[in-house]
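In what follows, a structure is listed as structure tokens, so that the remarks can point back to it.
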Amino acid sequence: MDEYDTTSSSYVVYWRDWFLAARGHEYFCEIDEEYLTDRFNLTGLQSEVTYYNHALDLVTDVFDVDCKDEVREQVDKSARHLYGLVHARYIITSRGLSKMCDKYKRGDFGRCPRVLCHGQTLLPVGLTDVPGQSPVKLFCPKCEDIYTPKSSRHSAIDGAYFGTSFPHILFQVYPQLVPEKTEERFVQKCFGFKVHSHAALSRWQEERKEEMLARLRGCNIRTGFPSDVVAERGDTNSFRSW
Amino acid sequence: MEEQDSWIAHFCAMPGHEYFCEVSDDFIEDDFNLTGLNQMVPNYKQALEMILDVEASSDEEDDPEDDEYDSRQYYSGRRYRNRANVNIEAIHANAQLLYGLIHQRFITSRNGIQVMYYKYAHNHFGHCPRVNCGFARTIPCGFSDVPGVDTVKLFCPSCLDIYVPPNNRFLRIDGAFFGSTFPSLFLMSYPELDVSGPHPGATGTKGVQKKVKEKTEGSSRVINGVVEANFAPGLGKGNIYDMKIYGFKVSEKAKSGPRMKWLRDRPEDMKELDEVENFSNQDSRYVVDVSNNAREENSDVTMQDDEIAGR
């Protein structure tokens, strides 16, 4: 933030570059100039953002008005908000998806904290599409659960800047990116003995899993589990009965 | 010397060692508690002395007034000569290993669990990163009791899963220093402890409602040795993440559809998990069935008898 205040009248770098380089903004990708300037893509944002026109000018680096610091601060805030809202729309376009896909492969969004996911890379997701409700969370495609980012600087980012649908659209478009699921379980033990309550729940969950696998096999759908690959090679019927 | 921190206090204050508690001297001085460790730790004696700070005082060789230390020094003269050859850094590393292994044993003792409870209550171990656990407190644990296998992990009693600590400094800590037994023993020692998070699940108000409902019902039912309210409160309906695109759930039949819901599921009525009771119920049904069959057979027989009699 300080860097920004010092450069009040002229920018050496583009606003977007500054925005993307800011601390905690590692999750964002760069929105194309064309996308930003196409008014169609910004439909409805006018009511969402104060000083909409100024903010848009700032984001597209054409803002050149001398004004009070307070106003400028407000415009800057709006610009960031606007960028975030456009970002949520941009990342589900094909260009945006491919950019986010690269970031996902690089592990820019971090890795799953669950031990048995073995460092699966994550994707950002919002819990709601309405801004100002909840901060960004991370979706693990391996265990299909959502986690809080481990760094507190990310907890200030609005989840609506990524949207609730983004990771799932990404995997619809790139189904080959869906990681192999894991059947590994953590077994709670006490002096080497399994803990009864946990083991009973695990058995129940295993049953639910087998039911699901049977449903999927009934429809001839790949389940994505490693054991399924083995079963496909061998006799599927024997596996099902087991 | 009094002003100086003890080795143990220094060790526990090191960055990354926040999960450790201070093992009491009484525990370490009891040889019974250290059984077998001398075979696992090289330079065992020196390492133990370093932990107990015996060495710090006896190092002052130029202190002629202190007869006690002098005699001890004389008594263990050979050892001191040996120590000159052994790198002090190596002993320090051995002392850390030894302390870790003693720590593993200490935290499963009555005193140790109490000390760790204090640390747990003061949020020394952090929170579960899973959103639907609502910041439930985690408990440190290891994958293995043998040192050098894996680093320390965090066990979440709310979702019964283990997670990597959020900070890199914990990735250097051996999991064996906490052991695989500790979390389960800890939870068994405090069965009434509310393990659900202070915040409701972020995916909605269901978490709050459920929690309130559970509390008002006063479900102190014990299932499989665990109070029902504390039996994986972060799992089950309302705590499973649904993949949605524009508000519509992704179908299970899709290539990228949900496949892992079972992992975060639990029966709505936890009684379903009480396998012993279910089995006994099933058993009684079986008995009833048998008696029914027997009755039917009997009726057959009587019919035959009637037929015979009719003839």
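Proteins get letters first, then strands, A, B, ... in listed order; numbering begins at 1 in each. Predicted model, so just to flag it, every value in this text is computed and none were measured.
For A/V125, the part lying under 4.5 angstrom from a heavy atom of chain B is the side chain only. For A/C219, the part sitting under 4.5 Å from any heavy atom of chain B is the side chain, from C-beta outward, and nothing else. Neither the backbone nor the side chain of A/R111 has a heavy atom closer than 4.5 Å to any heavy atom of chain B. Contact annotation for A/L201: both backbone and side-chain heavy atoms come within less than 4.5 Å of a heavy atom of chain B. In this structure, no portion of B/L154 lies under 4.5 Å from any heavy atom of chain A. In this structure, the portion of B/F143 lying under 4.5 Å from any heavy atom of chain A is its side chain and not its backbone. At a 4.5 Å heavy-atom cutoff, the contact between B/F231 and chain A is made by side-chain atoms alone. Of the atoms belonging to A/L177, not a single heavy atom falls under 4.5 Å from chain B. For A/P113, the parts sitting under 4.5 Å from any heavy atom of chain B are the backbone and the side chain alike. Heavy atoms closer than 4.5 Å to chain B are found in the side chain of A/F139, but not in its backbone. For A/Q205, the parts lying near chain B are the backbone and the side chain together; criterion is any non-hydrogen pair under 4.5 Å.
We find the CG-NZ distance between A/D145 and B/K261 to be 11.0 Å, quoted to the nearest 0.5 Å. A distance of 11.5 Å separates CG in B/D265 from CE in A/M212, rounded to the nearest 0.5 Å. Atoms OG1 and NZ, on A/T164 and B/K244 in that order, are 8.5 Å from each other to the nearest 0.5 Å. Put simply, CH2 on B/W262 and NZ on A/K209 are 4.5 Å apart, with the number rounded to the nearest 0.5 Å. One distance of note links CD of A/E206 with CG of B/L263; it measures 9.5 Å at 0.5 Å rounding. Atom-to-atom distance recorded for A/F186:CZ and B/F155:CZ is 5.5 Å, nearest 0.5 angstrom.
Using a 4.5 Å heavy-atom threshold, the side chains of B/M188 and A/V195 count as touching. In this structure, the side chains of B/M270 and A/W204 stay at 4.5 Å or more apart for every pair of heavy atoms. Annotation: side chain of A/I92 is in contact with side chain of B/Y246 (closest heavy-atom distance under 4.5 Å).
Ring geometry for A/H168 versus B/Y241: interplanar angle of 30 to 60°, hence tilted.
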(request) Before giving the answer on side-chain contact (heavy atoms from CB on, under 4.5 Å), spell out for B/K255 and A/V178 the whole-Å C-alpha distance, their side-chain angles and the decisive distance to 0.1 Å. (result) CA-CA 8 Å; B/K255 237 181 182 178; A/V178 179; over 6 Å; no
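Under a 3.5 Å cut-off, the side chain of B/S180 and the backbone N or O of A/K189 do not form any donor-acceptor pair. At least one donor-acceptor pair under 3.5 Å links the side chain of B/T181 to the backbone N or O of A/F191. In terms of modelled atom types and a separation under 3.5 Å, the side chain of A/T148 and the main chain of B/P129 share a donor-acceptor contact.
Few gaps surround OH on B/Y190; more than 12 heavy atoms of other groups in view lie less than 6.0 Å from it. No more than 12 heavy atoms of other residues, nucleotides or ligands lie within 6.0 Å of CD in B/E268, so this atom counts as exposed by the packing criterion. Other residues, nucleotides and ligands contribute only 12 or fewer heavy atoms inside 6.0 Å of the CZ atom of B/F248. Dense packing is recorded around CZ of A/R106, with more than 12 heavy atoms of other residues, nucleotides or ligands lying under 6.0 Å away. Other residues, nucleotides and ligands contribute over 12 non-hydrogen atoms within 6.0 Å of the CZ atom of B/R169. Atom CZ of A/R95 sits in a sparse spot, with 12 or fewer heavy atoms from other residues, nucleotides or ligands closer than 6.0 Å.
Among the candidates A/E207, A/K150, A/K142, the residue making the largest number of heavy-atom pairs closer than 4.5 Å to chain B is A/K150. Ranked by non-hydrogen atom pairs under 4.5 Å with chain B, the options A/R208, A/Q188, A/R203, A/R215 are led by A/Q188. Contact count against chain B (heavy-atom pairs under 4.5 Å) is highest for A/S165 among A/C143, A/A199, A/P167, A/S165. Of the listed residues (B/R130, B/K153, B/E272), the one with the most heavy-atom contacts under 4.5 Å to chain A is B/R130. Contacts with chain A were tallied for B/V226, B/V250, B/L185, B/I245; B/I245 has the most, counting heavy-atom pairs under 4.5 Å.
Ion pairing between a basic and an acidic side chain is recognised when a charged N comes within 4.0 Å of a carboxylate O; A/E144 and B/R259 show no such pairing.
Nearest heavy-atom pair across B/A254 and A/Q172 is CB-NE2, 4.2 Å.
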